[in-house]
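Chain identifiers are assigned alphabetically (A, B, ...) following the order of the sequence lines, protein sequences preceding nucleic acid strands; residue numbering begins at 1 within each chain.
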2 protein chains.
Amino acid sequence: METEDRLLTPGEVASLFRVDPKTVTRWAAAGRIGSIRTPGGHRRFRESEVRALLEGDAGAQATFDSGHAQP
Amino acid sequence: METEDRLLTPGEVASLFRVDPKTVTRWAAAGRIGSIRTPGGHRRFRESEVRALLEGDAGAQATFDSGHAQP
DNA sequence: ATAGAATAGGGTAATTAGGGTA
DNA sequence: CGTGTCCTAATTACCCTATTCT
């Protein structure tokens, strides 16, 4: 239970995903990622959510056994 | 131990390996290489992992002999 | 209040995903 | 079985200016 609701800027999220800040804005506009709007209209993103999205299957090092067994 | 290594685009990885970006996509789809998906569906690859793969036999890291198991 | 950096918004090229084929 | 090339659709990157944030 992390109560850490640290907010990240579009530029931060963009650097994490290796994309353009505009792309992050587009994700928020499309509802693909939760966003908080500042009274001025700028967006902020929850670090926990961003980290969850970054946890793709990059760490999954396929336990590739010699699965060539043919029944 | 969690290092924030940079992410590479399919085109970058393809240039490093001198293959087609489509081939890199196939590697990711087959689980031969870890991949992170953007909310839009595009893939990003960890530079550290790619560099480790680029080491080839030089490092003989023997993560696992992928595939050709001897009969 | 002023300055500098970052962000929002729209529009257009380049890259990528996916399937099917050689 | 793995890789390269064909196609279409979707996503992303870079161009601009005005507004907002520090």
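Axis angle across the helix from C:dA3-D:dT22 to C:dG19-D:dC6, with five pairs used at each end and values rounded to 10°: 60°.
In this view, A:F17 and A:W27 satisfy the ring pair (Phe, Tyr, Trp, His ring centres under 6.0 Å) rule, not counting sequence neighbours. With sequence neighbours excluded, the residues forming a side chain to side chain contact (heavy atoms under 4.5 Å, CB included) with B:S48 are B:D5, B:R46, listed by chain and number.
Pairs engaging residues 39-58 of chain A under the ring pair (Phe, Tyr, Trp, His ring centres under 6.0 Å) rule: none recorded [sequence neighbours left out]. Sorted by first and then second residue, the salt bridge (charged side-chain N to carboxylate O under 4.0 Å, His left out) pairs involving residues 6-25 of chain B (not counting sequence neighbours) are B:R6-B:E47.
Across all strands shown, D:dG2 has no partner, as no Watson-Crick or G-U wobble contact with both distances under 3.5 Å is found.
For the pair A:A28 and A:R43, the tightest heavy-atom approach, listed with the atom from each and the gap, is CB-CD, 3.5 Å.
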Problem - Annotated protein contacts, base or backbone, on nucleotides 17-22 of chain C with a non-hydrogen cut-off under 4.0 Å, one of B, S, - each - result: SBB---
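Here A:T9 does not reach the OP1 or OP2 of C:dA6: none of its side-chain N or O atoms lies under 4.0 Å away.
Mapping B:W27 and A:D20 onto DNA chain D by nearest heavy atom places B:W27 closer to the 5' end of the strand. Where A:R18 and A:T38 meet DNA chain D, the nucleotide closest to each residue was compared, and A:R18 sits on the side nearer the 5' end.
The span of DNA chain D lying next to chain A, judged by atoms under 4.0 Å from heavy atoms, is bounded 5' to 3' by D:dT11 to D:dC21.
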